[in-house]
There are 2 protein chains.
Amino acid sequence: MTQHPDPPATLADVARRAGVSPATVSRVLNGNYPVALDTAARVQRAVTELSYVVNGNARALAAATSDLVGIIVNDVADPFFGLIASGIQDETGGTDVLAIIGNTAGAPDRELRYLTLLRRQRARAVVLTGGTVDSPDHLRAVATQVSALVSAGTTVVLCGRPPLAGADHGPLAGVSTVDFDNRGGGQALTAHLIALGHRRIGYVAGPANRTTTKLRVLGHQDALKRHGLGGTDCPVVSGDFSRGTGESATAELLRQRPDLTAIVAGNDTIALGVCAYLRSQGRTVPADVSVAGFDDLPFSADAVPALTTVRLPLIEAGRTAGRLALGRQLPPPGGIFPVPAELVVRASTAPVRGI
Amino acid sequence: MTQHPDPPATLADVARRAGVSPATVSRVLNGNYPVALDTAARVQRAVTELSYVVNGNARALAAATSDLVGIIVNDVADPFFGLIASGIQDETGGTDVLAIIGNTAGAPDRELRYLTLLRRQRARAVVLTGGTVDSPDHLRAVATQVSALVSAGTTVVLCGRPPLAGADHGPLAGVSTVDFDNRGGGQALTAHLIALGHRRIGYVAGPANRTTTKLRVLGHQDALKRHGLGGTDCPVVSGDFSRGTGESATAELLRQRPDLTAIVAGNDTIALGVCAYLRSQGRTVPADVSVAGFDDLPFSADAVPALTTVRLPLIEAGRTAGRLALGRQLPPPGGIFPVPAELVVRASTAPVRGI
DNA sequence: CTGAAAGCGCTTACAG
DNA sequence: CTGAAAGCGCTTACAG
């Protein structure tokens with residue numbers, strides 16, 4: 001299958017062919033040092049003839065730098081992460097850095113493994129995207145890895161998760177955060193529902209114990225409390241960020257409170273499942289039950305009825321994270337770059353019946 | 001910001017601390033050679049104490065291998081690619097390889113750049129996913145890069161694009177292909193519409209000149225020809241794989257043939273745009289116009305009406321590509337692994353009116 | 001089971 | 001503007 005692995009040409013081969021020293025070839029390639037024009041031309045020709053490409057490992061080892069930027073995501077198949085990642089790659093696209101995406105599939109140990117791997121590749125920067133498991137142990141392990149990365153000279157950016165606390169409980173030095181206002185968004189959404197007259201509002205949360213989930217639920221509860229609502233009138237069920245969770249959790253919610261007039265979902269994907277289940281039960285959205293999502297993913301505007309949701313400017317946030325990672329943008333004082341969440345009211349929410 | 005980049009511990013540091021030679025540390029770390037138990041224990045302790053991680057670049061350079069598997073995609077934000085990539089990472093997850101995703105944003109030169117970068121990292125394997133620009137120049141450039149990769153010992157897998165031709169026009173040796181039946185799927189879809197009585201069928205294609213687009217259109221035309229249809233009754237407009245294209249192209253299609261009874265889209269995302277535009281014009285799907293997509297992405301079942309489409313088992317195809325890349329599965333004879341496309345009939349297509 | 005030594009393919013002061 | 005030489009941090013025959 002792989003016939004006689006033909007060793008690629010080396011810099012020494014190029015030097016020999018061009019009749020110069022390896023040092024000169026290196027300087028031509030890196031363009032960081034004056035070289036006579038005709039010498040450079042000869043070297044370039046030799047490079048082409050041998051179809052030489054530098055050995056990235058050797059270069060990184062010798063120069064003690066690398067052009068890798070790692071992006072860690074929870075789920076590549078989820079557009080939420082795809083959008084952030086493409087925003088980051090918008091920024092890295094024109095440069096000589098290689099942005100690479102690692103998928104944890106939501107597993108904390110894989111998050112840690114990618115961090116180690118990036119550490120051993122001596123990555124130039126790493127961007128951790130989306131929520132993380134909110135347990136003291138995991139957070140401590142991440143903080144340890146991140147500190148090691150930072151002290152080895154790697155730029156670390158958090159995008160869509162809360163700032164990391166260091167050993168001293170203060171924010172970890174040298175790490176900037178693009179911080180989504182999940183709590184504020186959750187609050188605005190539920191406040192909107194309350195303003196429409198809803199009093200019995202169910203909530204379908206994403207994976208329990210993840211920062212994103214917790215903050216959104218917290219925002220929801222902020223709004224409820226402000227109006228003296230909550231308790232068994234407003235049950236909360238959690239699952240994962242999937243359509244299936246939307247369906248099964250809605251069944252559970254309606255078992256608990258068949259008279260719910262609104263259901264809020266932890267994200268748009270869940271919301272689609274909520275709508276599908278309600279439809280299957282002969283309940284109309286929003287006439288019978290209002291439904292809302294979170295994130296404003298592209299498909300949300302196309303759902304029927306179009307989804308009321310909270311927009312997070314994912315691509316733009318990714319770009320910001322990318323600029324921060326490349327050092328093209330200075331981190332704000334305190335290292336936190338806030339990203340607002342904007343309520344987007346569409347057709348899936350309406351005044352409660354009889355009001 | 002990055003305070004005193006603290007050089008990470010080296011293998012020599014570990015050796016010193018454990019009171020052994022660097023060679024021994026290396027052997028303990030790689031576990032590929034007998035080492036006395038207590039020696040190994042001492043080394044492990046030193047590793048922990050120094051929180052040592054191997055320098056991947058040095059290792060790759062010395063061992064002339066690497067644990068990188070590159071995945072090249074056209075658009076990370078598109079679930080089509082996300083699903084394939086997550087399938088691949090399902091396979092690489094449990095191993096020590098680091099699967100990394102590079103996003104070309106559909107630009108041929110970025111595809112080439114990633115290939116070069118992967119080549120210089122001496123990647124263990126690379127998987128090229130989705131369609132590519134179908135121009136002789138680009139295909140030749142890709143073939144050149146791929147040959148270089150293969151002869152350097154990298155396993156190359158194509159997933160969702162046609163086999164690559166070598167200089168001799170035969171299939172490139174040592175490259176396996178997970179080949180989607182885009183043409184057959186396109187054919188089945190249009191045949192379904194014809195069976196429903198449709199004779200004036202518009203087509204909204206993805207980016208012209210991409211293999212995926214071309215093959216799907218070809219399948220569509222196969223079906224039309226078989227029934228003596230085509231010509232101005234069946235106009236084709238192309239754009240990109242976006243919702244926006246679905247909207248604008250439908251406007252254009254209806255300008256050309258206001259009496260179209262069905263519209264086929266190059267993928268599900270486009271189909272959503274088609275539906276949205278029709279709705280905005282007061283036309284009902286499928287009563288007035290039938291609409292169909294391609295891919296069967298997760299949201300398609302949730303659209304209202306649910307989308308008739310062609311299912312491509314994206315995750316499973318990704319897994320196959322992953323196994324091929326890791327050498328866990330032998331490439332089939334001829335190097336081509338066919339992936340069938342299955343017609344999925346849902347609510348967005350119906351018999352033509354008056355039949 | 002363990003170590004000394006060469007070598008992987010680059011870069012970069014140091015000289016000239 | 002150019003070269004000789006040391007060194008980056010590992011691995012792996014080669015000895016023992």
Side-chain angles (χ1 to χ4, degrees), chain A residues 5-44 46-47 50-68 96 117 119-123 152-153, chain B residues 5-44 46-47 50-68 96 117 119-123 152-153:
Chain A
D6 188 11
T10 68
L11 190 145
D13 296 332
V14 175
R16 212 168 300 124
R17 178 151 198 140
V20 297
S21 75
T24 299
V25 175
S26 172
R27 296 196 264 249
V28 171
L29 258 29
N30 292 305
N32 52 4
Y33 216 81
V35 175
L37 252 55
D38 58 323
T39 309
R42 244 180 318 144
V43 170
Q44 290 294 11
V47 165
L50 296 172
S51 86
Y52 169 75
V53 295
V54 69
N55 180 319
N57 294 122
R59 166 182 283 177
L61 177 58
T65 67
S66 111
D67 44 20
L68 282 183
D96 62 343
L117 287 159
R119 187 140 80 96
R120 84 181 193 206
Q121 294 304 132
R122 307 298 188 253
Chain B
D6 189 10
T10 68
L11 188 145
D13 296 333
V14 175
R16 211 168 299 123
R17 180 152 195 140
V20 298
S21 74
T24 298
V25 176
S26 172
R27 296 196 263 251
V28 171
L29 259 29
N30 292 303
N32 52 3
Y33 215 81
V35 174
L37 251 56
D38 59 321
T39 310
R42 244 181 315 143
V43 170
Q44 289 295 11
V47 166
L50 297 172
S51 86
Y52 169 75
V53 294
V54 68
N55 180 319
N57 294 123
R59 165 182 284 178
L61 178 58
T65 67
S66 112
D67 45 19
L68 282 184
D96 62 343
L117 289 159
R119 187 141 78 96
R120 83 180 194 207
Q121 292 305 132
R122 305 300 188 251

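What you see is a predicted model; the values in this text were computed from it and never measured. To find a chain, count down the sequence lines: A is the first, B the second, and so on, and within it residues start at 1.
The C1' atoms of D:dT12 and D:dG16 are separated by 16 Å, rounded to the nearest whole Å.
Counting to the nearest Å, the P atom of D:dT2 and the CG atom of A:Leu11 are 15 Å from each other. One interatomic measurement links the two molecules: CG of A:Asn57 to C1' of C:dG7, which rounds to 15 Å at whole-angstrom precision. We find that CG of A:Asn32 is positioned 13 Å from C1' of C:dC10, with the value rounded to whole Å. Rounded to whole Å, the distance from CG on B:Leu29 to P on D:dG9 is 15 Å. The separation between B:Leu50 atom CG and D:dC10 atom C1' is 16 Å, rounded to whole Å. Computed from coordinates, the A:Arg59 CZ to D:dG7 P distance equals 22 Å when rounded to whole Å. The interatomic distance linking A:Asp67 (CG) with C:dC10 (C1') rounds to 13 Å, in whole Å. In this structure, the CG atom of A:Asn55 is 18 Å from the P atom of C:dG7, given to the nearest Å.
One finds no side-chain N or O of B:Ser26 lying less than 4.0 angstrom from the OP1 or OP2 phosphate oxygen of D:dC10. The side chain of A:Thr10 places no N or O atom within less than 4.0 Å of a non-bridging phosphate oxygen (OP1 or OP2) of C:dG9. Note on B:Tyr33: every side-chain N or O is 4.0 Å or more away from OP1 and OP2 of D:dA13.
Nearest-nucleotide positions on DNA chain C place B:Ala36 closer to the 5' end than the other of B:Leu61 and B:Ala36. Along DNA chain C, the nucleotide nearest to B:Ala63 and the one nearest to B:Arg27 differ in position, and the one closer to the 5' end is contacted by B:Arg27.
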Check your understanding: What's the verdict on side chain to side chain contact (heavy atoms under 4.5 Å, CB included) for A:Arg42 and A:Val28, showing C-alpha distance, side-chain angles and the deciding distance?
Key -> CA-CA 10 Å; A:Arg42 244 180 318 144; A:Val28 171; over 6 Å; no

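Here the closest heavy-atom approach between residue A:Gln121 and residue B:Asn57 is recorded as O-OD1, 3.4 Å. Residues B:Leu29 and B:Tyr52 come closest through the heavy atom pair CD2-CE2, 3.6 Å. Minimum heavy-atom separation, A:Val54 to B:Arg122: O-NH1, 4.0 Å.
Within 3.5 Å, no donor on the side chain of B:Arg122 pairs with an acceptor on the base of C:dG9, nor the reverse. Residue B:Arg120 places no side-chain atom within donor-acceptor reach of the base of C:dG9, judged by atom type and a 3.5 Å distance cut-off alone.
Partner of B:Val20 under the side-chain contact (heavy atoms from CB on, under 4.5 Å) criterion, chosen from B:Val35, B:Val14, B:Val43: B:Val43.
Out of D:dC1, C:dT12, C:dT2, the shortest distance to the side chain of A:Pro34 is found at D:dC1. Here the nucleotide nearest the side chain of B:Thr39, chosen from C:dC10, C:dT2, D:dG9, is C:dT2. In this structure, the nucleotide among D:dG9, D:dT11, C:dG3 sitting nearest to the side chain of B:Ser21 is C:dG3.
Across all strands shown, A:Asn30 has heavy atoms under 4.0 Å from sugar-phosphate atoms exclusively, and none from any base.
Although no hydrogens or angles enter the test, the distance criterion places no donor-acceptor pair under 3.5 Å between the side chain of B:Ser66 and the main chain of B:Ala60.
With both pairing distances under 3.5 Å, D:dA4 is matched to nothing as a Watson-Crick or G-U wobble pair.
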